[in-house]
Amino acid sequence: MKELDLFKLHDPLIDRGPYSWIVCNGIGLYDNFHDIVKEVMVLYNYKKFRLCREISLKLNCSIDLLNDILRKKTLWIPLNLIESLLSMIKEKEEDKYNYYLNKITASIDYLKPIPTSKTIVKAHKLCDENISKFCGIHAADGTLGLQVSIESVDYGKLLDYKDLIKNNFSLLNLSNIGKKLKEVYYFNFSVKEDLKIEIFKFLKRNNIMYRLGYHINIVDGYKSDMIFLKGLIEEIFGVNVKIKHDRNMSIIAMSNKVIGRYLNNLFNFPLGYKCKDVKPPEIIENSDFIIKKAFCNGFLQFDGSVKFDGRVSLNVRSKKIIDFIENVLKEDGLNINRWIRKDGEFSFESSFNKEFLGYFNKSTFKYNRLYWYAYGNNSTIDSLEDAKVKLRAVFPTNKNNSKIDFVDILEKIIRLKQFNRYTLCKEANLHYKSIEKVLRILEIANIIMVERINKVERIKNLSDKIKFNDDFKKWNLPNTNPLDSPVGEESRVVCSI
């Protein structure tokens with residue numbers, strides 16, 4: 001697995017002054033940091049005061065601040081301070097630089113977005129399966145925003161700043177001037193990737209001070225996906241996030257500078273709109289197959305679909321993403337049919353293959369549906385209503401596709417007892433192909449039994465005889481739990497084929 005360069009989390013263009021620096025801590029960090037300081041002093045024949053003066057000029061900070069850090073008055077050390085000292089070693093001795101770099105990186109366990117923050121983030125140092133899945137999820141359904149807030153106690157001065165920014169960046173959507181406590185006025189705007197460098201150079205050139213806010217939003221229609229993501233974020237970053245529900249969607253919204261920098265600075269995900277431009281991070285593209293597969297797992301878990309008959313499908317606007325996923329699937333021995341839709345989206349669909357289970361995560365809705373189709377789950381059925389609940393959980397509402405009232409069809413089958421496909425088509429007022437797919441599912445579930453006719457009888461336009469199995473205790477239905485249900489599921493479910 002490739003190592004992540006934690007020092008890229010500091011952004012010299014955006015971070016202005018010591019109070020905006022990302023700081024780190026960990027077991028043995030200060031001792032390793034002190035060894036680096038001593039090594040620099042030996043290599044350059046510096047006393048402590050001379051070293052502090054040189055570093056203060058490089059980093060544009062006070063000598064007193066550096067003295068406090070060297071005297072162990074704080075255990076949280078700025079990343080850019082460590083990087084600056086390492087660069088001084090590198091100028092003299094490359095071998096020693098690599099030695100100290102590996103040693104200090106190994107002792108970085110935690111990060112804070114700014115020195116005074118109470119938010120502590122676990123330092124994730126390897127491009128492993130977990131963070132690759134997280135990147136895949138963000139590429140599929142995530143948005144990364146950077147909000148800049150300009151503040152001043154002088155309303156007139158703030159108005160001048162707003163006019164100055166508006167005149168130079170006409171496309172920026174500037175908020176109205178608001179007022180905080182203690183007579184502090186402010187206005188906000190969001191920065192897109194294409195203007196990031198230009199805007200922050202402009203703010204620095206005009207000596208306009210600002211505050212930053214990184215916002216990560218991930219949206220999905222399934223509770224189980226979001227529960228999985230919540231656990232994944234906690235495992236990677238040690239951050240506890242909340243899931244909010246809005247109508248038919250679940251949302252995880254984070255305001256976290258460190259995680260925002262991971263996405264933007266380490267994995268090169270753009271700020272703002274990314275639909276057409278999104279692509280797999282270069283470090284993942286150049287990693288081992290297992291890391292590439294993890295990225296595809298995250299992407300398909302949130303943007304892919306598992307259909308009634310076990311087929312996996314995907315619609316995206318990014319050609320680079322679908323090319324990458326197709327290549328990974330081919331390397332894994334899985335074939336897909338691919339085409340371009342009229343609206344310009346790239347699409348693919350696979351025939352059923354249980355090996356696709358490796359591209360979804362256990363206990364999620366899509367995994368459970370695919371697993372049930374592949375292997376079946378002999379769960380205990382207590383009543384007909386219990387059976388309906390389990391069917392609703394695995395075949396939920398999908399308003400974007402053709403609609404089939406699955407439970408209504410089941411009730412018609414119960415009433416008919418014995419029938420053929422054409423009778424059911426007429427009774428349910430549905431096309432033959434739609435009924436065919438539903439019957440295939442019901443046969444797998446052992447809800448119906450099909451007596452297939454031979455070729456001669458089929459030529460005579462006869463049809464298979466279908467019988468309802470009224471022994472519901474023998475039905476093969478999926479084991480379900482509340483997490484399998486999509487957000488906003490109603491008691492009467494309309495299902496898509």
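Asn268 and Glu282 are not linked by any side-chain donor-acceptor pair at a separation below 3.5 angstrom, with hydrogens and angles left out of the test. A side-chain N or O of Tyr359 and one of Asp332 form a donor-acceptor pair less than 3.5 Å apart. For Lys230 and Asn240, the side-chain atoms include at least one donor-acceptor pair closer than 3.5 Å. Between the side chains of Gln301 and Thr364, at least one donor N or O sits under 3.5 Å from an acceptor N or O. Residues Ser347 and Asn315 bring a donor and an acceptor atom of their side chains to less than 3.5 Å of each other. Side chain to side chain, Thr143 and Asn217 fail the donor-acceptor criterion of an N or O pair below 3.5 Å.
Minimum interatomic distance between Leu6 and His124 (heavy atoms only, all atoms of both residues): CD2-O, 3.6 Å. The two residues Leu172 and Ser190 come nearest to each other via the heavy atoms CD2-O, 3.6 Å.
The pair Glu39-Lys96 meets the salt-bridge criterion, since a charged nitrogen lies less than 4.0 angstrom from a carboxylate oxygen. We find that Arg211 and Glu151 are joined by a salt bridge, their nearest charged nitrogen and carboxylate oxygen being less than 4.0 Å apart.
Proximity of the aromatic rings of Tyr262 and Phe237 is defined here by a centroid distance below 6.0 angstrom, and this criterion is met.
You'll find the side chain of Phe295 stays beyond 4.5 Å of the side chain of Lys133, heavy atoms only. The closest side-chain heavy-atom distance from Lys196 to Asn264 is below 4.5 Å. Looking only at side-chain heavy atoms (C-beta outward), Phe324 and Phe299 stay at 4.5 Å or farther from each other. Residues Ser175 and Phe189 form no side-chain contact, since every pair of their non-hydrogen atoms from C-beta on lies 4.5 Å or further apart.
Taking the six-membered ring for Trp and thresholds of 30 and 60 degrees, His34 and Tyr30 have nearly parallel ring planes, at less than 30 degrees apart. Below 30°, between 30° and 60°, or above 60°: for Phe365 and Tyr222 the angle between ring planes is below 30°, a parallel geometry. Between His10 and Trp21, the two ring planes are perpendicular [angle over 60°; tilted spans 30° to 60°].
Counting heavy-atom neighbours within 6.0 Å of Phe202 CZ, excluding the residue itself, gives a total above 12. No more than 12 heavy atoms of other residues, nucleotides or ligands sit less than 6.0 Å from atom OH of Tyr99.
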